[in-house]
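Order of the sequence lines fixes the chain letters, A, B, ..., with proteins taken first and strands second; residue numbering starts at 1 for each chain.
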Amino acid sequence: MEVTTVRELFRHADRFLQRKIKVNGWVRTVRSSKNFGFIELNDGTFFTNLQVVFDDGLDNFKEVAKLVTGSAIVVEGQFTESPGAKQPFELKAERIEVAGAAAQDYPLQKKRHSFEFLRTIAHLRPRTNTFSAVFRVRSLLAFAVHKFFQERGFVYVHTPIITGSDAEGAGEMFRVTALDFENIPRDGSGCVDFSRDFFGRETNLTVSGQLNVEAYCLAFNKVYTFGPTFRAENSNTARHAAEFWMIEPEIAFAGLPENMQLAEDMMKFLIGYALENAPEEMNFFNKFIDKSLLDRLYNVLDSDFARVTYTEAVEILQKSGEEFNYPVGWGHDLQTEHERYLTEKYFQKPVFVTDYPKEIKAFYMRMNDDGKTVAAMDLLVPGVGEIVGGSAREERLDYMEKRMEELGLNKEDYWWYLDLRRYGGAKHAGYGLGFERLIMYVTGMANIRDVISFPRTPKNAEF
RNA sequence: UCCUCGAUAGCUCAACGGUAGAGCAUCCGGCUGUUAACCGGAGGGUUGCUGGUUCGAAUCCAGCUCGAGGAGCCA
């Protein structure tokens, strides 16, 4: 007999009622009496469990009644309406095959677990309600990212994971090498001789696909990357990981306004997609993870994102009357507490902060006419903080060379990046969206370690 | 990396200088529609590690390891 999924049963119950069906899945809990019992079965296709009713008409009734949570079974029987109040349907089992019993030390209870404990059993936590919901939404959002950009004519570019130098300057990087650590080649001055390494030079894991994707932007007009990114920073926070996924669109013949509009449209599209395609999961998050989640997300869909310049933001903070641990002053980067005030208290919705002082932003950001600020934008959202960081890119070769000189960057390291300004280097802009931070925002999950299947953080790569 | 807090049964926690306990899970038994099922019983511990103080340490002190929250860095 063909296997039916629990998703089909719940979405199209009328097609299956009063018919014989076959399902498979994993036992969430068994409640048994002397002559009958109930199994909560989850087959991974649907958030809600299917209730299986069984009785001593089964030749393996005793074995089934003793099944430990986590066991894998295959059930055949009649799909019927349920007399119980808590579920509309149930499966009256006529045959239950134990496909894989769980040992009695199965660590997951039917009780609530702490997320800290579940991180220690990352291989089993996808079987819990919360992680089932998180990772289905993660999958849906990954697809939605592609859908959003593809429908708007963007070309998906795979930028390299291994990058040619540390010239990007965006923080600590993981080195990639094939050198024998027991016998590292040295040059005349005692330094490691990377010319004898696999690539004949120093290589690292990418910290951003941006520089590479700009080359494709200036050929395809509208492009995006979506892939893994690596940062070797010793960050111990709920919103940093050493390996995470980033989405980096880049649009040509466009500046900061178009860039912000794209980011806002994208955020609304992705939120709407999750609400529409994972209603059970989103309701679960709203009930058990963050009771204000749905109100907040619908509010985002209905309202325009706020936009302020950095200079205006500083004025708002100075006039706020709030006691901040760090002083607010033009020229200093906004602290987390300042960002939280802006997005969570003052605007109470997502807010773009634009036009930061050039000193606190990257060399490639486009200089504004005032000569003091650059056309950068950060999108701040309540609860997560910075979720998008982007800018208009400096397309004027002379401006960029001057800026690189000021910062002491070696122009030879960036020869091909500068070439892009030499040969039809039109205005262009782009941003990076932290995919995990998006998932946190959409699900209400508070820790990035709980939206990555097997998270990599300092001192943690067990799985 | 810095600051703060924490680590006791498989899990969630209690005991806070004087014999280490409960609920859940597991095992055994009972129960004819359960819903974190219910009722009865049993097993389960080098109290994170190392050292110190003390007649006596889960409890006080120091170091270490790991974790959490906050900060920095950023997405």
Can you tell me how far P in B/U46 sits from the matching atom in B/A58, rounded to whole Å?
13 Å

Does B/C73 have OP1 or OP2 sitting under 4.0 Å from an N or O in the side chain of A/Asn236?
no

With A/Arg125 as reference, evaluate A/Asp450, A/Thr130, A/Thr120 under the side chain to side chain donor-acceptor pair (under 3.5 Å) test and give the passing residue.
A/Asp450

Parallel, tilted or perpendicular for A/Phe269 and A/Phe148, by the 30°/60° rule?
tilted

Once hydrogens and angles are ignored, does a donor-acceptor distance under 3.5 Å link the base of B/C74 to the side chain of A/Arg437?
yes

Please measure how far the C1' atom in B/U53 lies from the corresponding atom in B/C61, and state the result in whole Å.
7 Å

For A/Lys92, which contact category applies under a 4.0 Å heavy-atom criterion: base, sugar-phosphate, or nothing?
base

For the residue pair A/Asn368 / A/Asp355, report whether a side-chain donor-acceptor contact shorter than 3.5 Å exists.
yes

May I ask you to verify if any side-chain N or O of A/Gln335 is less than 4.0 angstrom from the OP1 or OP2 atom of B/G72?
yes

Base, sugar-phosphate, or nothing: which does A/Glu90 touch, judged by heavy atoms less than 4.0 Å apart?
base

Write down the distance separating the P atoms in B/U59 and B/G18, rounded off to the nearest Å.
11 Å

Here the distance between atom P of B/G67 and atom CD1 of A/Ile121, to the nearest Å, is 16 Å

Rounded off to whole Å, could you give me the CG-to-C1' distance for the A/Asn325 and B/C2 pair?
15 Å

Within the structure shown, what part of the strands sits under 4.0 Å from A/Asn234 by heavy-atom distance: base, sugar-phosphate, or nothing?
base

Just checking A/Gln87: base, sugar-phosphate only, or nothing, at a heavy-atom cut-off of under 4.0 Å?
base

Tested for side chain to side chain donor-acceptor pair (under 3.5 Å) against A/Lys361, the lone hit among A/Thr373, A/Asp378, A/Asp333 is A/Asp378

Phosphate OP1/OP2 of B/A68 contacted by A/Arg119 side-chain N/O (<4.0 Å):
yes

Can you check side-chain contact (heavy atoms from CB on, under 4.5 Å) on A/Phe89 and A/Leu9, steps first, answer last?
CA-CA 9 Å; A/Phe89 320 109; A/Leu9 292 175; over 6 Å; no

Distance in angstrom units between A/Ile360 CD1 and B/C74 C1', rounded
13 Å

Tell me whether the side-chain N/O atoms of A/Lys86 come closer than 4.0 Å to OP1 or OP2 in B/A37.
no

Separation of A/Gln104 atom CD from B/U26 atom P, in whole Å?
9 Å

Looking at the side chain of A/Arg449, which of B/U35, B/A68, B/C24 is the nearest nucleotide?
B/A68

Could you check whether A/Phe244 gets within reach of a base, just the sugar-phosphate, or nothing at all, counting any heavy atom under 4.0 Å?
base

With a 4.0 Å limit, can you tell me whether A/Ser235 has a side-chain N or O closer than that to the phosphate oxygens OP1/OP2 of B/C74?
no

Judged by each residue's nearest nucleotide on RNA chain B, which is more toward the 5′ side, A/Leu433 or A/Thr457?
A/Thr457

Selection from B/C74, B/G69, B/U12 that lies nearest to any side-chain heavy atom of A/Ala238:
B/G69

Nearest-angstrom distance from the residue atom CZ of A/Arg239 to P of B/G69
10 Å

Base-pairing mate for B/U34 - Watson-Crick or G-U, with both contacts under 3.5 Å:
none

Using atom NE2 of A/His240 as one end and atom P of B/G72 as the other, report the distance to the nearest whole Å.
9 Å

Is the centre of the A/Phe47 ring less than 6.0 Å from the centre of the A/Phe284 ring?
yes

ring-ring contact (aromatic ring centres under 6.0 Å, His included) with A/Phe435: of A/Trp245, A/Tyr224, A/Phe226, only one passes, and it is A/Phe226

Does a side-chain N or O of A/Thr237 approach OP1 or OP2 of B/C73 to a distance below 4.0 Å, or not?
no

Looking at every strand, decide which applies to A/Phe38 at a 4.0 Å heavy-atom threshold: base, sugar-phosphate, or nothing.
base

When the C1' atoms of B/A9 and B/A42 are considered, how many whole Å apart are they?
15 Å

For A/Ser114, which contact category applies under a 4.0 Å heavy-atom criterion: base, sugar-phosphate, or nothing?
sugar-phosphate

Rounded to the nearest Å, what distance is computed from the CD atom of residue A/Glu386 to the P atom of nucleotide B/A71?
14 Å

Considering just the side-chain nitrogens and oxygens of A/Thr336, establish if one lies under 4.0 Å of OP1 or OP2 belonging to B/G70.
no

Using the C1' atom as the reference point in each nucleotide, state the distance between B/C64 and B/A7 in Å, no decimals.
14 Å

If you check the A/Glu339 side chain, which of B/C11, B/C74, B/A75 turns out closest?
B/C74

Please state the P separation for the pair B/C3 and B/G44 - nearest whole angstrom.
43 Å

Counter-base of B/U54, judged by Watson-Crick or G-U geometry with both distances under 3.5 Å
none

Counting any heavy atom closer than 4.0 Å, what does A/Ile387 reach on the DNA or RNA strands: base, sugar-phosphate only, or nothing?
sugar-phosphate

Residue met sooner reading RNA chain B from 5', once A/Phe435 and A/Leu108 are mapped to nucleotides:
A/Leu108

What does A/Gly84 touch in the nucleic acid at a heavy-atom separation under 4.0 angstrom: a base, only the sugar-phosphate, or nothing?
base

Quick one: CZ on A/Arg175 to CD on A/Glu202, what's the gap to the nearest 0.5 Å?
4.5 Å

Measuring from the side chain of A/Glu116 (C-beta onward, heavy atoms only), which nucleotide among B/A68, B/A71, B/A36 has the closest atom?
B/A68

Protein-nucleotide distance (A/Lys34, atom NZ; B/G40, atom C1'), rounded to Å
16 Å

Would a distance-only check, ignoring hydrogens and angles, find a side-chain to backbone donor-acceptor pair under 3.5 Å from A/Arg456 to A/Ala242?
no

Answer yes or no: does a side-chain N or O of A/Arg31 lie under 4.0 Å from OP1 or OP2 of B/U34?
no

Nucleotide paired to B/C24 in any strand shown, Watson-Crick or G-U, under 3.5 Å:
B/G10

What interatomic distance, in whole Å, is found between P of B/G43 and the corresponding atom of B/C49?
25 Å

pair_partner(B/U1), Watson-Crick or wobble, both distances < 3.5 Å, evaluates to B/A71

Taking pairing as Watson-Crick or G-U wobble with both contacts under 3.5 Å, can you name the mate of B/U46, or confirm there isn't one?
none

Rounding to an integer number of angstrom, what distance separates B/G10 and B/C5 when you compare their C1' atoms?
25 Å

Classify A/Thr29 by what it touches in the nucleic acid, base, sugar-phosphate, or nothing, heavy-atom distance under 4.0 Å.
sugar-phosphate

Does A/Arg231 get its side chain close enough to the base of B/A75, under 3.5 Å, for a donor-acceptor pair?
yes

